[in-house]
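Here is how names work: the chains are called A, B, and so on, in the same order as the sequence lines, proteins then strands, and each is numbered from 1. All values below come from the heavy atoms of this structure, side chains included, with hydrogens, waters and symmetry mates left out.
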2 protein chains.
Amino acid sequence: MEPYRSILQKRGYRMTPQRIAVLRVMAEFGRHMTPIEVFQQAQQELPGMTEPTVYRTLNFLSEQGLLLAAHVGSGQFVYEIALRDHHHLICRECGEALEIGHELLAQLYENLKNQTGFQINSMHVTFFGLCPGCQEKKPSAQISDNSSTAGQQSG
Amino acid sequence: MEPYRSILQKRGYRMTPQRIAVLRVMAEFGRHMTPIEVFQQAQQELPGMTEPTVYRTLNFLSEQGLLLAAHVGSGQFVYEIALRDHHHLICRECGEALEIGHELLAQLYENLKNQTGFQINSMHVTFFGLCPGCQEKKPSAQISDNSSTAGQQSG
DNA sequence: ATCCTTATTGCAACTAGTTGCAATAACTAA
DNA sequence: TTAGTTATTGCAACTAGTTGCAATAAGGAT
């Protein structure tokens, strides 16, 4: 927990029991979690923990880069601990999720920087699509065809 | 409105006054709108329109690819009409937003397809970063440095 | 060790968004 | 044109998430 403490303190923020509880939970579970799940677990770690604090803490820690946040379809907003830079690929049909390394996006970020001057730092992008299995059952199509494809969010 | 109607009907869905009202509003404004904004405007078009219907309609239309949905930071979930495939670049500092054409991502999607078999259809991805102006004021840094960079959502 | 500044929390009230279900109405087919 | 099927809506109650503000406590300075 100490590395996290020093990161925050260098930036003028404080390490609190509530933040420790959330980081502990995220580190222990090591997977996508909804704010509600985090709240329930964090309450075990620290009785008296409140919901607004969990929401504020998750938001704060992801702003600080200690957590990653992502929308994984149908309005589900989830968090996970930031151990390595990676992104997600999620199947709209069956929900199957795949991790992809950041190196696949590095070139794109470079291009965007060259063309727009923006220095991109989205280290957790989620792409939606159809996994190989679901492509067979439900062939992809355009907006003018008879199947749902594009649209929905991704960021 | 007729093209939209036939798209939905081909897929076994129905065109209703509520869906027309939402599409009208989105087409008229032609920009990012929050569900609340859409609700307020749609009520003008169709008195009696309710909030659950607006939420359901926005969700439905974006699943069908007629609307695009995106998170533009700090929990803001917005929709816009799907006229052309594009993505967004948003500055975390000042909020400046830039549109980028889909052709910039086409190669990435191709690579992902080759490597994973997934057929990506995220036609509205939002990337976060720092615009040139804000880079000067606030030099970017890594997680172990003294500035906020990575993290937050994008997908 | 103690004081001081101010970041952070908890509370309470609020706004945003979702869900189950019965009633309605859009479209298809005869 | 009418009847039948079922996708869609509205209602109401619910869950999720946010905000303002006073009280608290983390951490730097003395």
Side-chain angles (χ1 to χ4, degrees), chain A residues 1-2 4-23 33-43 45-64 66-67 69-79 146 148 152-153, chain B residues 1-2 4-23 33-43 45-64 66-67 69-79 146 148 152-153:
Chain A
M1 229 27 73
E2 282 315 308
Y4 290 129
R5 177 186 296 272
S6 83
I7 291 170
L8 294 184
Q9 291 189 355
K10 273 187 206 161
R11 299 180 190 170
Y13 302 113
R14 298 170 186 175
M15 183 53 94
T16 65
Q18 291 82 354
R19 289 178 179 169
I20 291 174
V22 168
L23 284 167
M33 295 180 82
T34 64
I36 305 281
E37 285 177 312
V38 176
F39 171 62
Q40 290 165 343
Q41 294 300 327
Q43 250 189 342
E45 293 266 336
L46 187 72
M49 187 87 164
T50 64
E51 271 174 291
T53 296
V54 169
Y55 282 104
R56 279 189 285 222
T57 301
L58 289 172
N59 190 55
F60 170 80
L61 292 176
S62 64
E63 275 178 358
Q64 295 305 313
L66 306 191
L67 297 182
H71 280 272
V72 291
S74 33
Q76 283 266 311
F77 202 52
V78 298
Y79 293 85
N146 69 335
S148 78
Q152 194 97 318
Q153 56 81 29
Chain B
M1 227 28 72
E2 283 314 308
Y4 290 129
R5 177 187 296 271
S6 82
I7 291 170
L8 294 184
Q9 291 190 356
K10 273 187 206 161
R11 298 179 191 171
Y13 302 113
R14 299 172 186 173
M15 182 54 94
T16 64
Q18 292 82 353
R19 289 178 179 169
I20 291 174
V22 167
L23 284 167
M33 296 180 81
T34 64
I36 305 283
E37 285 178 311
V38 176
F39 170 60
Q40 289 164 344
Q41 294 300 328
Q43 251 189 341
E45 293 266 337
L46 186 73
M49 187 88 163
T50 64
E51 272 175 290
T53 296
V54 169
Y55 283 104
R56 278 189 286 221
T57 301
L58 289 172
N59 189 56
F60 170 80
L61 293 176
S62 64
E63 274 177 358
Q64 295 304 314
L66 307 191
L67 296 182
H71 279 272
V72 290
S74 33
Q76 283 267 311
F77 201 52
V78 298
Y79 293 85
N146 68 335
S148 78
Q152 195 94 319
Q153 57 79 28

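Atom-to-atom, CD1 of B:I36 to P of C:dT18 comes out at 11 Å; the value is rounded to the nearest Å. At whole-Å resolution of the value, OH in A:Y55 and C1' in C:dG17 are 11 Å apart. In this structure, A:M1 places its CE atom 16 Å from P of D:dA26, rounding to the nearest Å. Straight-line distance from the CZ atom of B:R56 to the C1' atom of D:dC14: 13 Å, rounded to whole Å. Atom CG in A:L61 sits roughly 17 Å away from atom P in C:dA7 (whole-Å rounding). The CZ-P distance, from A:R11 to C:dT6, rounds to 21 Å in whole Å. Rounding to whole angstrom units, CZ of residue A:R14 and P of D:dT24 are separated by 15 Å. If you take CZ of A:F77 and C1' of C:dG17, they are 15 Å apart, rounded to a whole angstrom.
Note on B:Q18: every side-chain N or O is 4.0 Å or more away from OP1 and OP2 of C:dA25. In this model, the phosphate group of D:dA26 is not approached by any side-chain N or O of A:Q9 to a distance below 4.0 Å at OP1 or OP2. Between B:R5 and C:dA26 there is no side-chain polar atom (N or O) within less than 4.0 angstrom of OP1 or OP2.
Applying the side chain to side chain contact (heavy atoms under 4.5 Å, CB included) test to B:Q40 and every residue at least two apart in sequence or in another chain returns B:I36. B:E37 is linked by a salt bridge (charged side-chain N to carboxylate O under 4.0 Å, His left out) to B:R31, counting only residues two or more places apart in sequence or in another chain. Contacts of A:R5 classified as salt bridge (charged side-chain N to carboxylate O under 4.0 Å, His left out), with partners at least two apart in sequence or in another chain: A:E2.
Looking at B:T34 and B:F77, their side chains never come closer than 4.5 Å, going by heavy atoms from C-beta outward. A heavy-atom distance below 4.5 Å is not found between the side chains of A:R56 and A:F60.
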Atom pairs and distances, side-chain donor-acceptor, residues 13-23 of chain B, under 3.5 Å, sequence neighbours left out:
unit_1	atom_1	unit_2	atom_2	d
B:T16	OG1	B:Q18	OE1	3.4
B:T16	OG1	B:R19	N	3.2
B:R19	NH1	B:R14	O	2.7

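In summary, of the residues considered (A:M33, A:M49, A:Q43), a side chain to side chain contact (heavy atoms under 4.5 Å, CB included) with A:V38 occurs for A:M33 alone.
Taking every heavy atom of both residues into account, B:L66 and B:Y4 meet most closely at CD1-CD2, 3.8 Å. Heavy-atom minimum distance, A:T53 versus A:T50: OG1-OG1, 3.1 Å.
Applying a 4.0 Å cut-off to non-hydrogen atoms, the residues of residues 45-54 of chain B that approach DNA chain D are B:G48, B:T50, B:P52, B:T53, listed by residue number.
Comparing A:P35 and A:T16 by the nucleotide of DNA chain D that holds the closest heavy atom to each, the one mapping nearer the 5' end is A:P35.
One end of the helix from C:dA1-D:dT30 to C:dA30-D:dT1 points its axis 40° away from the other end's axis, with each axis taken from 5 pairs and the angle rounded to 10°.
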